[in-house]
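To start, the structure under review is shown below, and the notes come after it.
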Amino acid sequence: MPDLATPLIAWYRVNARDLPWRRPGFGAWGVLVSEFMLQQTPVGRVIPHLEAWLTRWPTPSALAADAPAEAVHQWANLGYPRRALWLHRAAVEIRDRHGGIVPQDVDALLALSGIGDYTARAVAVFAYGDRHPVVDTNTRRVLARAIEGRSQPGPPSRRDLDAMAAILPARSDDAAIVDAAAMELGATVCTARSPRCGACPIADRCAWRAAGYPDTGEERRRQARYEGSDRQARGAVLRVLRDAAPLPVRLEDLVSDWPDRLQRDRAIDSLIVDGLAEASDGALRLPR
DNA sequence: CATCCGTGGAA
DNA sequence: TTTCCAAGGAT
């Protein structure tokens, strides 16, 4: 196995973007909030929302003291609004179980709502400097290409953690940089569509390049069509609730022009089931 | 393990 | 215009 860590560290020191959550002393809560927002939402859209969020709720306890509705409202158009709900729940759990301090232990982090393998380790590593493999979609693509010689990674798996762990240096501070560097490389150079291999610090040891860039990656499963989907219906309903908040909206006024009545009702029901909306006497509102 | 869950910008 | 994709997680 070629040494990927050394060139990645050198490259990262020069090329890392100056992102808010990388500033020294940004704090574990800030890192945690940023990671929630970054789950499937691009960096450029996250930054302004992150600043506003942390200004309003500088600590987990501050967020926990407000109603979930406030979190869902502040989440605005970041997408996947249950992340706002989960982040609020996590804040309550941090207040109740950890004295208001974001835990450092990976298992404790994994036990919080909305936190999985990626986010738990990202917080432990980037906020606390511990030594763990951190694997996101960028990292998986980098490893698939550099080590497996494939153009795209296979489906996500627990084995990805082992693959990343295998290239981590012994020192935890170096390991944290390699974690960040693999993500950064995948985000800015080793991109999904048109990778810039001329700017890649590990091109000379990349298995995919050595094999002549074979297109061995299976076709990625196509994302379900959004237009006309249940997700779009949910999004439309929730947007109305956000715009009306804190006032409830009468059910008959909720996207009353939606083309598919059944789909609209299905969206409302599922939002209630998910805890993103609350029915109150013929009307719907964000959850209190 | 496959599917579901928002939103908006770029190719 | 359509398609692709973006620091995932829960079920």
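The chains referred to below are lettered A, B, ... by the order of the sequence lines, with proteins before strands, and numbering in each begins at 1.
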Less than 4.0 angstrom between a side-chain N/O of A:Tyr226 and OP1 or OP2 of B:dG6, yes or no?
no
Between CZ of A:Arg158 and P of C:dG8 the distance, given in whole Å, is 16 Å
May I ask you to verify if any side-chain N or O of A:Arg222 is less than 4.0 angstrom from the OP1 or OP2 atom of C:dC4?
yes
For a quick check of understanding: with a heavy-atom distance under 4.0 Å over all strands, which category does A:Asp117 fall into, base, sugar-phosphate or nothing?
sugar-phosphate
Under 3.5 Å donor-acceptor pair, A:Gln223 side-chain atoms to C:dC5 base atoms
yes
Using a 4.0 Å heavy-atom cut-off, does A:Trp75 contact any base of the nucleic acid, only the sugar-phosphate backbone, or nothing at all?
nothing
With the threshold set at 4.0 Å, does a side-chain nitrogen-carboxylate oxygen contact exist between A:Glu227 and A:Arg225?
no
Within the 4.0 Å heavy-atom criterion, would you say A:Arg239 contacts the bases, only the backbone, or no part of the nucleic acid?
sugar-phosphate
Over how many whole Å does the gap from A:Arg193 atom CZ to C:dC5 atom P extend?
6 Å
Would A:Trp29 and A:Trp57 count as a close aromatic pair, with their ring centres under 6.0 Å?
no
Among C:dA6, C:dT3, C:dG8, the one nearest any side-chain atom of A:Gln39 is C:dG8
Find the distance A:Leu85:CG to B:dC4:P and express it as a whole number of Å.
21 Å
Using a cut-off of less than 4.0 Å, is there contact between a side-chain N or O of A:Asn77 and OP1 or OP2 of B:dG8?
yes
Rounded to whole Å, how long is the line connecting atom CZ of A:Arg140 with atom C1' of C:dC5?
13 Å
Begin with the C-alpha distance, continue with both residues' side-chain angles, and end with the deciding distance and a verdict on side-chain hydrogen bond (donor to acceptor under 3.5 Å, both in side chains) for A:Asp3 and A:Thr6.
CA-CA 6 Å; A:Asp3 171 28; A:Thr6 304; 2.4 Å; yes
Starting at CZ of A:Arg45 and ending at C1' of C:dA6, how long is that distance when rounded to a whole Å?
9 Å
Rounding to a whole Å, what distance do you find between A:Arg83:CZ and C:dA6:C1'?
10 Å
A:Tyr80 has its side chain closest, among C:dG8, C:dA7, B:dC4, to C:dG8
Selected nucleotide, minimal atom distance to A:Arg22 side chain, candidates C:dA7, C:dG8, B:dA11:
C:dA7
Salt bridge between A:Asp162 and A:Arg159, side-chain N to carboxylate O under 4.0 Å?
no
Can you find a donor-acceptor pair, distance only, under 3.5 Å between A:Arg231 side chain and B:dT7 base?
no
Any donor-acceptor pair under 3.5 Å linking the side-chain atoms of A:Gln104 with those of A:Asp130?
yes
Could you please name the option among C:dA6, C:dA10, C:dG8 that lies closest to any side-chain atom of A:Trp86?
C:dA10
With sugar-phosphate meaning primed atoms plus P, OP1 and OP2, does A:Leu238 contact a base, only sugar-phosphate, or nothing at under 4.0 Å between heavy atoms?
nothing
Give one of base, sugar-phosphate or nothing for A:Leu271, where a contact means two heavy atoms less than 4.0 Å apart.
nothing
Any A:Arg234 side-chain nitrogen or oxygen under 4.0 Å from OP1 or OP2 of B:dT7
no
Using a cut-off of 4.0 Å on non-hydrogen atoms, how would the nucleic acid contact of A:Pro81 be classed: base, sugar-phosphate, or nothing?
sugar-phosphate
Value in whole Å for how far the P atom of B:dC4 lies from CD of A:Gln40:
15 Å
Return whichever of A:Arg225 or A:Glu184 has its heavy-atom-nearest nucleotide of DNA chain C closer to the 5' end.
A:Arg225
May I ask you to verify whether the side chain of A:Thr119 and the base of C:dG9 hold a donor-acceptor pair under 3.5 Å?
no
Starting at the 5' end of DNA chain B and moving along, which residue's nearest nucleotide shows up first, A:Ser157 or A:Arg242?
A:Ser157
Starting from P on B:dC1, measure out to CG on A:Asp160 and report it in whole angstrom.
11 Å
